[in-house]
Amino acid sequence: MKEKTAVTADQVRWYRLAVHHLDRRYPVSQLLAAAGVCGLQNSPPGAWETALFARLQGVTLPLLQSALEQKKTLLQAWSYRGVPVVFPTEESAVFLQALAARPGEEPWIYTRGVGLALDFLGIRWEDAFPLVQQATEYLDTHTVQSKEELDQVLAARAAALLPPALRERWNAPSMYGRPDRQSVGGAVVSFALRPCSFQGQVVFGARQGIHPTFTSYIRWLGHPLAADPQAEARLVRKFLHAYGPVTQADLAAWLGSSPQQTCRLWQTVKEELVAVDKDGKTACLLAADLPALAGARPPEEPLALIGAHDPYLDARDRGLLLADKTLQRQVWRTVANPNVILWNGQVAGIWKTRMAHNRLTVTLIPFVPLPDGAKQKLLCRAQAYAEFRNLPLEHCVVEEE
């Protein structure tokens, strides 16, 4: 048996930094390449902008808004794990169509909670989902402002398709915490919107103030979502390229898919994989990426400020980025993740922002002692971030843990 190549933690981190465009600041001409590595999560809103600020030299908010809403070279839609993701429009099939499950490949993480509503209604998912899909035809000719209104509008259209007795239960108050503002049918719609997104039936439109808008892929872009028979394999390659070496379970966690769907997707690239030894455990990598991993070198710019939910932090092997499990709980929280200070690919601290009277305050909290000159570099990056957000920097302080 051929002996597996052993790779060190440093090699993995340095390799991933380069893949994620975090080993140095790249020219703004690399916008689509940076966004297309594995997409950019946009939860909380603005996270995708912070991710590109960390990667691109001279990027501005107007440039990003133009790419997303005027030129439409970028698109936002619900994607892997059901989260809103910004990705190159030309790769829509990869970030949408490839995620569509086949019969028998449920449940998925983003629809798992719908069972309460279905039990109350006395119907199956196989009955409810087509109702919502039919209701989304409304978006081919309309744009809806706010997620709450989207749920309500589509729930009302789906209700009209139901017999009276079932319609009454459909319109009953939701059991998910907002009974005054959401119906049971609205809750079903909310769960179903994610798989509807994978078919191009709903995407994000231009933001109106603090509210997102929603419409269909064809209405937003003027043409339907084109099929790509290689989309599934391309999606898996993206994950392996961005986070390798990985396991099949890592892919399932990143996608939010069932084991059955993950297994099918993994098979699309199985012949392209090579096994390596990572920390004494076997993990897989695209064979084409092995030379880059084996030859990985320290980043040109070892210090970086990245945002909460940055793609780099989406790795499943969090111990590789931060060994201390207590500190891990400060970085990867259930809600309200903080921004992160990176040093040579490791999590070296967090940074928090607070806005008052349209002025920004930044607090930097290192977890470990940083090299000479690092503090000043952090302060400069914080100032650059404030300028990126078009906000005066009221105060910036480095606090020691």
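Just so it is clear, the model here is predicted, and its values are computed rather than measured.
- Under 4.0 Å is where a charged nitrogen must lie from a carboxylate oxygen, and between Asp151 and Lys147 at least one such pair does.
- The number of heavy-atom neighbours closer than 6.0 Å to NZ of Lys377, taken from other residues, nucleotides and ligands shown, is 12 or below.
- Taking CG of Leu303 as the start and NZ of Lys375 as the end, the distance is 13.5 Å to the nearest 0.5 Å.
- For the residue pair Thr262 / Ser257, a side-chain donor-acceptor distance below 3.5 Å is found, with atom types taken as modelled.
- Salt bridge Arg297/Asp23: absent, no basic N to carboxylate O contact under 4.0 Å.
- The closest side-chain donor-acceptor pair between Asn171 and Ser183, if any, does not fall under 3.5 angstrom.
- Crowding of Asp180 atom CG: a count of heavy atoms from other residues, nucleotides or ligands under 6.0 Å exceeding 12.
- For the pair Arg55 and Tyr312, the cation-pi test (distance below 6.0 Å, angle within 45°) is failed.
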Point to revise | From CA spacing to verdict: salt bridge (Lys or Arg N to Asp or Glu O under 4.0 Å), Glu91, Lys238 | key: CA-CA 11 Å; Glu91 297 194 84; Lys238 280 183 179 292; 2.9 Å; yes

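- When side chains are defined from C-beta on, Tyr110 does not count as touching Phe191, because their heavy atoms never get closer than 4.5 Å.
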Which pairs of donor and acceptor atoms, one on a side chain in residues 42-49, lie under 3.5 Å apart (sequence neighbours left out)?
from: Asn42; atom 1: OD1; to: Gly46; atom 2: N; distance (Å): 2.8
from: Asn42; atom 1: OD1; to: Ala47; atom 2: N; distance (Å): 3.2
from: Asn42; atom 1: ND2; to: Gln76; atom 2: OE1; distance (Å): 3.0
from: Glu49; atom 1: OE1; to: Arg389; atom 2: NH1; distance (Å): 2.6
from: Glu49; atom 1: OE1; to: Arg389; atom 2: NH2; distance (Å): 3.4

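- There is no side-chain donor-acceptor pair under 3.5 Å between Lys352 and Thr361.
- No donor-acceptor distance shorter than 3.5 angstrom exists from the side chain of Gln201 to the backbone of Ser216, with no hydrogens or angles considered.
- Screening residues 323-345 for salt bridge (charged side-chain N to carboxylate O under 4.0 Å, His left out), with sequence neighbours left out, gives no hits.
- At least one side-chain heavy atom of Arg16 sits under 4.5 Å from a side-chain heavy atom of Leu320.
- Using a distance-only test at 3.5 Å, with no hydrogens or angles considered, a donor-acceptor pair links the side chain of Arg194 to the main chain of Gly82.
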Donor-acceptor contacts, no H, no angles, side chain residues 283-291, under 3.5 Å, sequence neighbours left out:
from: Asp289; atom 1: OD1; to: His241; atom 2: ND1; distance (Å): 3.2
from: Asp289; atom 1: OD2; to: Tyr15; atom 2: OH; distance (Å): 3.1
from: Asp289; atom 1: OD2; to: His241; atom 2: ND1; distance (Å): 2.9

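- Interatomic distance, Phe87 CZ to Leu40 CG, rounded to the nearest 0.5 Å: 10.5 Å.
- A salt bridge is absent between Arg207 and Glu69: the closest approach of a Lys/Arg side-chain nitrogen to an acidic carboxylate oxygen does not fall below 4.0 angstrom.
- For Glu271, the CD atom counts as loosely surrounded, since its 6.0 Å shell holds 12 or fewer non-hydrogen atoms of other residues, nucleotides or ligands.
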Point to revise | Evaluation steps, salt bridge (Lys or Arg N to Asp or Glu O under 4.0 Å), between Glu232 and Arg102 | key: CA-CA 12 Å; Glu232 293 168 342; Arg102 298 179 184 178; 3.8 Å; yes

